Amino acid sequence: MMQTRDPKRKIFLIATEESGDRLGSALMKVLRQRLGDGVQFVGVGGRTMAREGLETLFPIEELSIVGFAAVVQQLPKILRLIRQTVDAVTEAAPDALVIIDSPDFTHRVARRVRAKNPAIPVVDYVSPQLWAWRPGRARTMLGYVDHVLGLLPFEPEEYRKLGGPPCSYVGHPLIEQLSSLRPNVEEQTRRNTEPPVLLVLPGSRRSEIRHHLDVFGAALGRLQAEGRAFELMLPTMPHLEATVREGIASWPVEPQIVIGEAERRAAFRIAHAALAKSGTVTLELALSGIPMVTAYRVGAIEAFILRRAIRVSSVILANLVIGEDVIPEYLQEDCTPEKLALALSEVLTDTPLRQRQVEAFARLDRIMSTGNKSPSVLAADVVLATMRKARR
């Protein structure tokens, strides 16, 4: 008896930021390896997902909005794009909907899709930070998410405790990039040579850069005035270069501006210490073995809301993964030139603070291990299993 081939699988993916675009692209690559020509990708994504065959509904740059005030101003546009995306998903009736990060957008889409067509399974790739604030989201997600793909090793237990949907730790994409983050022998020699290379990382969005550059520059000026020698490097991306150059024009110490991802990673491999805006970059620095001082400033409205919502002892991602507050953080009114300069002096020299960070970072490979499977392979495993379960 002749077997009929399964019809082509249709997977709808939504990623609205560059980091999500990279995750989506890697996932698509593995799914195509598994399903061959029997898969069709539709949805919303950026350039790297387009290279894997995705035709996006709209350019993801339309959703590059940061800050509560900006969201309010752009609300009509956001709601229109949500409606457009929901209509496209329900019309496509895919075998799975994979939402990738950007929960303010993707979760609104998923909730509406679930209401219109409960048969479409939903996989959430990158958990919202419900372990940090708004823990009630876990139970809410149970109503419209079938499985969560966690990037951080503690997330499955958080979902279990909070009564959310099943969550699997698939690994952070950074663990696949360790060779580009860690120095060879020659680079390690430079890392340990005077004057030490100090990285400055003010953020990856224009609003973040503007919030941080003045205080960072003042802190570095104090370090220099105290006679501390260092070689300053400021990695950024081409589309942010003009904003950075404008912001550092009044700095008392001039950094070497490093443009592009390859050059950024090269700077990481020789860096001795860093001053960084809090965020994913703290985990990147920790995996690189670079002791750091972190800071974060937001607008008054965001600060008011976040102060009442945060439920963790640290907002530093690397601290949360390690399970210890080894990295100092200076938030809002604590983010002053005096405090940053004092802490930087400690991580630039061989002090107990620096040594404690180095020892903690050495444990990250074990803490974040996914065995012999890459994050994108583990993510594809869950997507395919969720699709099979939905078809029964």
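When a residue number appears, it is its place in the shown sequence, counting from 1. Nothing here was measured: the structure is a model prediction, and the numbers come from that model. Below, each value reflects all heavy atoms present in this structure, side chains not excepted, and no hydrogens, waters or symmetry copies.
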Quick one: OG1 on Thr351 to CD on Gln357, what's the gap to the nearest 0.5 Å?
8.5 Å
Distance from Leu75 atom CG to Arg80 atom CZ, nearest 0.5 Å?
12.0 Å
Checking Val98 against Val383 for the side-chain contact (heavy atoms from CB on, under 4.5 Å) test, could you report, in this order, the C-alpha distance in whole Å, the side-chain angles of both residues, the deciding distance, and whether it holds?
CA-CA 8 Å; Val98 181; Val383 171; 4.2 Å; yes
Please give the remaining members of the hydrophobic cluster of Leu342, linking ILVMFWY side chains under 4.5 Å, ordered by chain and number.
none
Residues passing the ring-ring contact (aromatic ring centres under 6.0 Å, His included) test with Phe216, sequence neighbours excluded, are His212
Do Tyr159 and Met141 come close enough that some side-chain heavy atom pair is under 4.5 Å?
yes
Take Phe58 and Thr85 through the side-chain contact (heavy atoms from CB on, under 4.5 Å) test and state the conclusion after the steps.
CA-CA 9 Å; Phe58 52 82; Thr85 307; 3.4 Å; yes
Review item, side-chain donor-acceptor pairs of residues 247-259, under 3.5 Å, at least two apart:
unit_1: Trp251; atom_1: NE1; unit_2: Leu213; atom_2: O; d: 3.0

Qualifying residues under side-chain hydrogen bond (donor to acceptor under 3.5 Å, both in side chains), relative to Arg210, sequence neighbours excluded:
none
Considering residues, nucleotides and ligands other than Asp37, do more than 12 of their heavy atoms fall under 6.0 Å from its CG?
no
Can you measure from CZ (Arg22) to CD (Gln177) and round to the nearest 0.5 angstrom?
7.5 Å
Across all chains, not counting sequence neighbours, the side-chain hydrogen bond (donor to acceptor under 3.5 Å, both in side chains) partners of Arg182 are Asp365
Pairs in or reaching into residues 27-36: which pass side-chain hydrogen bond (donor to acceptor under 3.5 Å, both in side chains), with residues at least two apart or in two chains?
Arg34-Asp381
Does Glu157 pair with Lys161 as a salt bridge, N-O distance under 4.0 Å?
no
Should we count CD of Glu338 as having more than 12 external heavy atoms under 6.0 Å?
yes
side-chain hydrogen bond (donor to acceptor under 3.5 Å, both in side chains) against Asp21, all qualifying residues, sequence neighbours excluded:
Thr48
If we ignore angles and hydrogens, is there a donor and acceptor under 3.5 Å between the side chains of Ser376 and Ser374?
yes
Any ion pair linking Arg356 and Glu346 (charged N to carboxylate O, less than 4.0 Å)?
no
Check Leu285 against Met292 and note the closest heavy-atom contact, atom names and distance.
CB-CE, 3.5 Å
The test is salt bridge (Lys or Arg N to Asp or Glu O under 4.0 Å); show your working for Glu284 and Arg265 and say whether it passes.
CA-CA 10 Å; Glu284 191 177 10; Arg265 289 293 171 90; 3.0 Å; yes
Single-linkage hydrophobic cluster, 4.5 Å side-chain cutoff, Phe41 and Ile100 together:
yes
Going by heavy atoms in the side chains, are Thr370 and Val170 under 4.5 Å from each other?
no
Would you mind telling me which of Val89, Val113, Asn117 makes a side-chain contact (heavy atoms from CB on, under 4.5 Å) with Pro94?
Val89
Please list, chain by chain and in numerical order, all residues satisfying ring-ring contact (aromatic ring centres under 6.0 Å, His included) with His107, sequence neighbours excluded.
Tyr144
Under a 4.5 Å cut-off applied to non-hydrogen side-chain atoms, are Ser204 and Met237 in contact?
no
I would like to know whether His239 and Arg206 meet side-chain contact (heavy atoms from CB on, under 4.5 Å); could you show each step before the answer?
CA-CA 10 Å; His239 66 285; Arg206 286 182 180 86; 4.2 Å; yes
Does Leu220 share a hydrophobic cluster with Leu340, counting links as ILVMFWY side-chain heavy atoms below 4.5 Å and allowing steps through other members?
yes
Quick one: list whatever passes ring-ring contact (aromatic ring centres under 6.0 Å, His included) with Phe154, sequence neighbours left out.
Trp131
Can you find a pair of side-chain heavy atoms, one from Thr106 and one from Asp101, that are under 4.5 Å apart?
no
What pairs with Glu18 under salt bridge (Lys or Arg N to Asp or Glu O under 4.0 Å), at least two apart in sequence or on another chain?
none
salt_bridge(Arg264, Glu261) N-O dist < 4.0 Å
yes
CZ of Arg47 to CG of Leu54, rounded to nearest 0.5 Å, is 14.0 Å
When rounded to the nearest 0.5 angstrom, what is the spacing between CD1 in Ile270 and CG in Asn184?
11.0 Å
Is any side-chain heavy atom of Ile78 less than 4.5 Å from a side-chain heavy atom of Arg108?
no
Residues in side-chain hydrogen bond (donor to acceptor under 3.5 Å, both in side chains) contact with Lys116, at least two apart in sequence or another chain:
Asp87
Run through the side-chain heavy atoms of Ile, Leu, Val, Met, Phe, Trp and Tyr, join any pair under 4.5 Å, and report what else lands in Leu142's cluster.
none
From Glu61 atom CD to Thr16 atom OG1, the distance as rounded to the nearest 0.5 Å
10.5 Å
Grouping I, L, V, M, F, W and Y whenever their side-chain heavy atoms are under 4.5 Å apart, do Leu181 and Val197 come out in a common cluster?
yes
Taking everything shown except Glu55 itself, do over 12 heavy atoms lie less than 6.0 Å from its CD?
no
Over 12 foreign heavy atoms within 6.0 Å of CZ, Arg363:
yes
